[in-house]
Amino acid sequence: MWVTGYYPQYEASTMSISQANLTAITHVIHFSVAPQGNGAIDAIDSGLTPSACSNFVSVVHGQGKQALICIGGAGSELAFRGSTSSDNLANFVVNILSFVSTNNYDGVDIDWEPLLQVDLPQYTNLMSALRTGLNNFAKRGLLTAAAPAYPQYLDSPTAIFDAYASIQNQMDQINVMTYDLSGPYGGWVTWFNSPILNGGYTFPSDPQEQAPSINNAITNFTSAGVAPGKLALGIPFYGYVWGGTGITGPREAWTNTPSFTSI
């Protein structure tokens, strides 16, 4: 069984990796190297200095776990799009693989956010090229991804999941971001950040649309043909507080847009 945890280097001053209890974890992903849009990558601005990488990998391996490096993060879409163009893809892949090899990571995690339908051809090209390169390591490198639980607004309801079904054999794990599933959006109601089920509840503004849930998100992938064993649930270690006049619980409408605060 895979149990993956992300370790953001920017939190190192709060808790060093040597203080983290990895007993229940099998894989630890070091966050994060930033694509630059031209095939280059930047680790220094994220604090991923050679010494920080060396210390991370040493501690994780010392506890018998596997260490991966994350590429990307929230808002990385445009940089990925430029880096995976026909002119830049080969250099981008070389830079990623070199970083993995030089720092002795066990593999790479791709966090292309948001992932749009229009980007799927370049996304699949990136995954294919990385898989080929990681297969050539002395010890086969791992390839994982942070995957959206639901498609972006106005995108095809199935295209992203069909894409993952087509490349699943190139990937070791698909970590589904089953969190941030609600917000003060038009036509919505108050709802949970990461609900396991929705009880069949549909939005009053659109009786054909069910409220999001972890169960429905995973069904998006399995219905497209992704093997359940390739999937992992992304669990948040935070929540959100809804605030506003008359708001006391889930499935409530509002007149004025409520506050929505992370805790």
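Given the structure is predicted, the values throughout are model-derived calculations rather than measurements.
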For this session: For the pair Asn103 (side chain) and Tyr105 (backbone), establish whether a donor and an acceptor sit closer than 3.5 Å, ignoring hydrogens and angles.
Result: no

Exercise. Taking the side chain as C-beta and beyond, is there a heavy-atom pair between Glu77 and Leu115 under 4.5 Å?
Worked result: no

Exercise. Hey, what's the ring geometry for His30 with Tyr7, parallel, tilted or perpendicular (30° and 60° as the breaks)?
Worked result: tilted

Exercise. How far does CG of Leu130 sit from CG of Leu126, to the nearest 0.5 angstrom?
Worked result: 4.5 Å

For this session: Please check if the distance between the ring centroids of Trp188 and Trp254 is under 6.0 Å.
Result: no

For this session: Report the distance from atom CG of Asn220 to atom OG1 of Thr178, rounding to the nearest 0.5 Å.
Result: 11.5 Å

Exercise. Between Ile160 and Leu116, is there a shared hydrophobic cluster once you connect ILVMFWY residues whose side-chain heavy atoms come closer than 4.5 Å?
Worked result: no

For this session: Go through the side-chain N and O atoms of Asn88 and Ser83 and say whether any donor and acceptor fall under 3.5 Å apart.
Result: no

Exercise. Got a second to check how far Thr49's OG1 is from Ile44's CD1, nearest 0.5 Å?
Worked result: 6.0 Å

Problem set entry | Centroid-centroid under 6.0 Å between Phe192 and Tyr179 rings | no

Seminar exercise, completed: For Ala224 and Asp162 the tightest heavy-atom approach is CB-OD1, 3.6 Å

Exercise. Taking C-beta and beyond as the side chain, do Phe92 and Asn38 meet within less than 4.5 Å on heavy atoms?
Worked result: no

Exercise. Roughly how far, to the nearest 0.5 Å, is CD of Gln122 from CE of Met127?
Worked result: 13.5 Å

For this session: Report the C-alpha separation of His61 and Gln66 in whole Å, then their side-chain angles, then the decisive distance to 0.1 Å, and conclude whether the side chain to side chain contact (heavy atoms under 4.5 Å, CB included) test is met.
Result: CA-CA 6 Å; His61 284 172; Gln66 298 201 61; 5.6 Å; no

Problem set entry | Closest non-hydrogen atom pair between Asn193 and Pro236, with its separation | ND2-CG, 3.6 Å

Exercise. Between the main-chain N or O of Leu143 and the side-chain N or O of Asp172, is there a donor-acceptor pair closer than 3.5 Å?
Worked result: yes

Exercise. Would a distance-only check, ignoring hydrogens and angles, find a side-chain to backbone donor-acceptor pair under 3.5 Å from Lys230 to Gln168?
Worked result: yes

For this session: Say whether Val93 and Phe99 are linked into one hydrophobic cluster, either directly or through other cluster members, by side-chain heavy-atom distances under 4.5 angstrom.
Result: yes

Exercise. Could you state the interatomic distance from OG (Ser16) to CD (Gln9), rounded to the nearest 0.5 Å?
Worked result: 10.0 Å

Problem set entry | Phe80 and Trp112 aromatic ring geometry - parallel, tilted or perpendicular at 30°/60° bounds | parallel

Exercise. How about Tyr185 and Tyr153: does a side-chain donor come under 3.5 Å of a side-chain acceptor?
Worked result: no

For this session: Give a yes or no on whether the backbone of Ser128 and the side-chain of Thr132 come within a donor-acceptor separation of less than 3.5 Å.
Result: yes

Problem set entry | Mutual orientation of the aromatic rings belonging to Tyr10 and Phe31 [parallel < 30°, tilted 30-60°, perpendicular > 60°] | perpendicular

Problem set entry | Val226 side chain near Leu231 side chain, heavy-atom distance below 4.5 Å | yes

Exercise. Can you tell me if CD1 on Ile263 sees more than 12 non-hydrogen neighbours from other groups inside 6.0 Å?
Worked result: yes

For this session: Could you tell me whether the side chain of Gln36 and the main chain of Ala34 form a donor-acceptor pair under 3.5 Å?
Result: yes

Exercise. Do you know which two heavy atoms are closest between Met171 and Thr144, and how far apart they sit?
Worked result: CE-C, 4.1 Å

For this session: May I ask you to test the Ile71-Asp111 pair for a side-chain heavy-atom distance under 4.5 Å?
Result: no

Exercise. Given side chains that start at C-beta, do those of Ser182 and Tyr240 come closer than 4.5 Å, heavy atoms only?
Worked result: no

Exercise. Any side-chain heavy-atom pair from Ser213 and Ile196 closer than 4.5 angstrom?
Worked result: no

Exercise. Side chains of Gln210 and Asn198: do they bring a donor and an acceptor to under 3.5 Å?
Worked result: yes

For this session: Apply side chain to side chain contact (heavy atoms under 4.5 Å, CB included) to Val108 and Leu68, showing your working.
Result: CA-CA 5 Å; Val108 59; Leu68 291 86; 6.0 Å; no

Exercise. Going hydrophobic residue to hydrophobic residue with side-chain gaps under 4.5 angstrom, can you get from Tyr6 over to Leu233?
Worked result: no

Problem set entry | Beyond-backbone contact of Tyr164 with Pro148, side-chain heavy atoms, under 4.5 angstrom | yes

For this session: Count the heavy atoms belonging to other residues, nucleotides or ligands that lie under 6.0 Å from OH of Tyr238, then report whether that count exceeds 12.
Result: yes

Exercise. Same hydrophobic cluster for Val100 and Ile17, using side-chain heavy-atom links shorter than 4.5 Å among ILVMFWY?
Worked result: yes

Exercise. With distance as the sole test, does Thr102 use its side chain to make a donor-acceptor pair with the main-chain N or O of Ser98 at under 3.5 Å?
Worked result: yes

For this session: Look at Asp106 together with Arg140 and state whether they make a salt bridge at an N to O cut-off of under 4.0 Å.
Result: no

Problem set entry | Spacing of CZ belonging to Phe237 relative to CD1 belonging to Ile235, to within rounding of 0.5 Å | 6.5 Å

Problem set entry | Ala67 versus Val57, closest heavy-atom pair with distance | CB-CG2, 4.3 Å

Exercise. Would you say Trp242's side chain and Ser259's backbone share a donor-acceptor pair under 3.5 angstrom?
Worked result: no

For this session: Verify, without hydrogens or angle tests, whether Asn175 (side chain) and Thr4 (backbone) share a donor-acceptor contact under 3.5 angstrom.
Result: no

Exercise. Mind checking whether Ile174 and Trp2 sit in one hydrophobic cluster, side chains of I, L, V, M, F, W, Y counted as touching below 4.5 Å?
Worked result: no

Exercise. Are Asn21 and Thr23 linked by a side-chain donor-acceptor pair shorter than 3.5 Å?
Worked result: yes

For this session: Could you pull out the closest heavy-atom pair between Ile25 and Gly5, with the gap in Å?
Result: CG2-N, 3.9 Å

For this session: Taking Asp155 for its side chain and Pro151 for its backbone only, find out whether a donor-acceptor pair lies under 3.5 Å.
Result: no

Problem set entry | Check: Ser46 side chain, Leu48 main-chain N or O, donor-acceptor pair, under 3.5 Å | no

Exercise. How about Leu142 and His27: do any of their side-chain heavy atoms sit closer than 4.5 Å?
Worked result: yes

For this session: Please indicate whether Asp206 has more than 12 foreign heavy atoms, meaning atoms of other residues, nucleotides or ligands, lying under 6.0 Å from its CG.
Result: yes

Exercise. Between Arg251 and Val189, what is the shortest heavy-atom contact and its length?
Worked result: CA-CG2, 3.7 Å

